[in-house]
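Numbers restart at 1 for each chain; the letters A, B, ... are given by sequence-line order, proteins then strands. This one's a predicted model, so the numbers in the text were calculated from it and none came from an experiment.
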Amino acid sequence: MTFTLTTPLYYVNDKPHLGSTYTTIACDALARFMRLQGEDVIFITGVDEHGQKIQRTAESNNVSPQEHCDQTSIKYLDLWKLYQIRYDKFIRTTSQKHTNLVHQIYERVKQSDDIYMSRQKGWYCVGCEEYKDGIDTKDTKQCPIHKRDLEWRDEENLFFRLSKYQTQIEELVNTDNFIYPRARQNEIINFVNKGLKDFSISRINLTWGIPVPDHKDHTFYVWFDALLGYLSALYNKDEEICINSIEQFGWPASLHVIGKDILRFHAIYWPAILLSANLPLPSKLFGHGFLTLEGEKMGKSTGNTIDPIDLFSNYGNDAIRWYLLKDIKFGSDGDFQHKRFIDIINNDLSNTIGNLLNRTSSMTRKWFNNKIPKEITQTSNSHPIRSKAEDTISTYLEAIPELNFQLAAQSILELATFSNIHLNEIAPWKLIKQPGNEENVALELYSVLEAIRIVGMLLNPLVPELSNRILSQLGEVNPKQWSNYLVWGILKPGSDLPEPNPVIPKIE
RNA sequence: GUCUCGGUAGCUCAGCUGGUUAGAGCGCAGGAUUCAUAACCCUGAGGUCGGGAGUUCAAGUCUCCCCCGAGACACCA
């Protein structure tokens, strides 16, 4: 059983922004977690490269659409490298295997008798690139957004028989545990209850797209192209493309993580297409929120943007990942604030966690000959830090599969704070001055070091580099899997404890 | 216009089926301490829980009305 999860396929109209980075980091954290839990993970990301907007952007940059896509896709790949995103599959919708797959799905859907030719008529806004509803009754035929005159269009399109799947989709969207967060499920249910209408899956006059095999002047429209990338991503080579084998390659997806704006297409169109093609459905959708910057909507027009590359060069991977995952509830909208960012990193990572490691390691080295002290087993079994650590682990293990990164992060932090408080309370630096306390101090320091080891391990999916640095300062390495390591008492008494260095520097 | 979700300390938010003096983190002020990354720890100030009316012995928590914000209402990658 594989755990297949996807990010959206990002539209390469422009270079990647913080929003896509956020989504991808969250998926990466989940994927890393699942791998550590021993799951067979397929983490899919990629880019959506077709459509008029891209064609037009390419034209205005005086390059071919393909060149534009090549250039922009590389920016995504480079960015994911920077942020150490460990995806397993990266799909480009301009790839040959994707075209092959789209053609095969089209055949299947046609065989289900779900494709027909009809005419799309209506008032069309060139700015929005869409037909506007409810215009007929108005006197002025203008786009409410662009305030421009609408064009009457009457064009031939292929349609997909969505209406046929009304009952099945109704059932699906009412299923518990399919749409997350729950608040968004209602919106989808209401939408479906109003009755599903067939939708068009092809365009004419749009050359930058996948050609429809039996209609030379048609190309596939976005929802019969981009969504199918989740399938084509699974194959390694063009020759492998054969829908019958898709389940061997990891379909169905366990989870699609998407922005809240495209939830409907994933909750309705996508399952319907899969049903029509006789393929299993994904088990879960998660529509996350959007980021604002200093309280304002991000946008090129307002100049209120933040470049993930700049952010990276200023603060590094760990800081950004921690801030996004810990301070913003996944699923809700969030606000990126510089001051808060700096406060959070310094407090959580440098002071609470980093300093805990530093102070404990220093004490231990000083009084125990640069080695992990020995633990006195009978008393350590009931040590308060041990039970706190075990609580932390179980909270964490429940939180991450729910994509509650915030709770997971907080629970780690609580363990670190608990350990800090404990140190202050027992004050080993006083105890050690009185003779006869050595064994007691050894036990206390061992317990705190164990807590730090567990903190370091739990940090791994969220902030992998920091996690590695913490463990290596304990003389440990991150295991490939957690099963035998997420338990108390792994540190070996008598083994060397390296000299501590600040594991994460303070900002400013 | 209809519907959904929010409006709780300076900031970001927790507060389950109504029940003792409304919580956390950050920020701010003071204190204590020296093992440590001027870190850690303790204490404190600060809220008429958007506004109004109602139900109830009792409402941040239920009902109604109003104000503000975000979103959905089909082809918005």
Side-chain angles (χ1 to χ4, degrees), chain A residues 8-13 47-54 93 120 122 125 128-134 145 157 159-160 162 181-192 194-201 203 221-227 229 258-265 268-269 289-290 292 295 297 326-329 332-335 337 339-340 342-344 346-367 406-407 410 413-414 416-417 419-425 427-432 441 445 448 500-506:
Chain A
L9 303 190
Y10 302 112
Y11 199 54
V12 295
N13 191 36
V47 286
D48 173 13
E49 306 182 280
H50 289 129
Q52 210 156 56
K53 263 186 215 162
I54 283 174
T93 59
Q120 175 113 310
C125 172
C128 303
E129 285 182 29
E130 70 188 50
Y131 290 92
K132 295 292 174 184
D133 270 7
I145 299 164
N157 289 149
F159 278 75
F160 173 75
L162 180 64
R182 285 315 256 289
R184 303 232 152 248
Q185 185 180 10
N186 295 325
E187 279 177 16
I188 302 291
I189 290 173
N190 291 341
F191 182 86
V192 176
K194 286 198 289 188
L196 296 175
K197 291 194 284 195
D198 298 346
F199 66 94
S200 62
I201 60 154
R203 290 289 123 106
Y221 188 57
V222 55
W223 304 120
F224 211 87
D225 173 352
L227 290 171
I258 50 187
K260 61 185 184 180
D261 55 333
I262 51 172
L263 181 57
R264 205 179 65 224
F265 305 107
I268 300 171
Y269 288 23
F290 290 149
T292 50
K297 201 170 267 182
K326 187 260 179 175
D327 204 45
I328 293 164
K329 186 174 181 181
S332 309
D333 290 346
D335 191 35
Q337 299 176 1
K339 183 183 181 323
R340 189 168 174 80
I342 291 166
D343 285 341
I344 294 270
N346 287 343
N347 273 296
D348 295 352
L349 300 185
S350 300
N351 296 348
T352 303
I353 294 175
N355 185 52
L356 174 65
L357 168 59
N358 206 276
R359 69 193 297 211
T360 313
S361 181
S362 297
M363 285 187 273
T364 310
R365 284 169 54 83
K366 198 175 291 182
W367 305 324
Q406 200 175 38
L407 179 60
Q410 273 162 5
L413 223 42
E414 259 184 53
T417 301
S419 304
N420 272 320
I421 293 173
H422 185 76
L423 283 178
N424 283 46
E425 278 173 354
W429 50 92
K430 284 182 184 163
L431 287 180
I432 200 71
V441 171
L445 290 183
V448 176
N501 291 303
V503 84
I504 185 154
K506 283 206 197 174

Have a look at A:L196 and say if it touches a base, only the backbone sugar-phosphate, or nothing, with a 4.0 Å heavy-atom cut-off.
-> base

B:A36 base to A:N358 side chain: any donor-acceptor pair below 3.5 Å?
-> no

Under a 3.5 Å cut-off for both distances, is B:A22 Watson-Crick or wobble paired, and to whom?
-> none

Of all the nucleotides listed (B:A77, B:C42, B:U37), which has the minimum atom distance to the side chain of A:I421?
-> B:C42

Could you tell me which nucleotide pairs with B:A74 by Watson-Crick or G-U wobble geometry, both distances under 3.5 Å, or answer none if nothing does?
-> none

Does any N or O donor sit under 3.5 Å from an N or O acceptor when you compare the side chain of A:S200 with the base of B:C75?
-> yes

Examine B:U33: is either OP1 or OP2 under 4.0 Å from a nitrogen or oxygen in the side chain of A:K430? Give yes or no.
-> no

May I ask you to say what A:F159 touches in the nucleic acid, namely base, sugar-phosphate or nothing, with a heavy-atom cut-off under 4.0 Å?
-> base

Using a cut-off of 4.0 Å on non-hydrogen atoms, how would the nucleic acid contact of A:R340 be classed: base, sugar-phosphate, or nothing?
-> base

Nearest-Å distance for atom pair CH2/P, residues A:W223 and B:A77 | 6 Å

Can A:W429 be classed as stacking with the base of B:C35, given a centroid separation cut-off of 5.5 Å and a plane angle cut-off of 30°?
-> yes

Pick the P atom in B:A74 and in B:G15, then give their distance to the nearest Å.
-> 33 Å

To the nearest angstrom, how far is A:N351 atom CG from B:C35 atom P?
-> 19 Å

Mind calculating the distance between CG (A:D48) and P (B:C75) to the nearest angstrom?
-> 18 Å

Expressed in angstrom and rounded to an integer, what is the separation of A:I353 atom CD1 from B:G25 atom C1'?
-> 14 Å

Report which part of the nucleic acid A:N186 touches: base, sugar-phosphate, or nothing (heavy-atom distance under 4.0 Å, all strands).
-> nothing

Can you figure out which of B:C41, B:C35, B:A77 approaches the side chain of A:I262 most closely?
-> B:A77

Considering only atom C1', compute the distance from B:G51 to B:C57 and round it to an integer number of Å.
-> 26 Å

Quick one: is B:C3 close enough that its OP1 or OP2 comes under 4.0 Å of any side-chain N or O from A:N190?
-> no

Which of these nucleotides, B:C11, B:C75, B:C35, is closest to any side-chain atom of A:R203?
-> B:C75

Report yes if a side-chain nitrogen or oxygen of A:K506 is closer than 4.0 Å to either non-bridging phosphate oxygen (OP1 or OP2) of B:A39; otherwise report no.
-> yes

Value in whole Å for how far the P atom of B:C75 lies from NE2 of A:H50 | 23 Å

Report the distance from atom CZ of A:F191 to atom P of B:A74, rounded to the nearest whole Å.
-> 6 Å

What integer number of Å spans the P atoms of B:C62 and B:A24?
-> 23 Å

What nucleotide, of B:A74, B:C41, B:U37, holds the atom closest to the side chain of A:L162?
-> B:A74

Considering heavy-atom distances to RNA chain B, does A:D333 or A:A226 have its closest nucleotide positioned more toward the 5' end?
-> A:D333

Separation of B:A36 atom P from A:L349 atom CG, nearest Å, is 22 Å

What distance, rounded to whole Å, do you find between the two P atoms, one in B:G7 and one in B:G50?
-> 7 Å

Given RNA chain B, 5'-ward residue of the pair A:T417 and A:V503, judged by closest heavy atom = A:V503

Anything under 30° is parallel, anything over 60° is perpendicular, the rest tilted; go ahead and classify A:F160 against A:F199.
-> tilted

Gap in Å between the two P atoms, one belonging to B:A29 and one to B:A14, rounded = 28 Å

Quick one: label A:Y269 by what it contacts on the DNA or RNA (base, sugar-phosphate, nothing), any heavy atom closer than 4.0 Å.
-> base

At under 4.0 Å, does any side-chain N or O of A:N347 touch on OP1 or OP2 of B:G27?
-> yes

With the side chain of A:Y221 defined as its heavy atoms from C-beta on, choose the nearest nucleotide among B:C40, B:G27, B:C75.
-> B:C75

Using the C1' atom in both, what is the distance from B:A59 to B:C68, to the nearest Å?
-> 22 Å

Which value, in whole Å, describes the distance between the P atoms of nucleotides B:A22 and B:G44?
-> 15 Å

Starting at CZ of A:F160 and ending at C1' of B:A74, how long is that distance when rounded to a whole Å?
-> 15 Å

C1'-based separation of B:G10 from B:C67 [nearest Å] = 23 Å

Considering just the side-chain nitrogens and oxygens of A:K329, establish if one lies under 4.0 Å of OP1 or OP2 belonging to B:A14.
-> yes

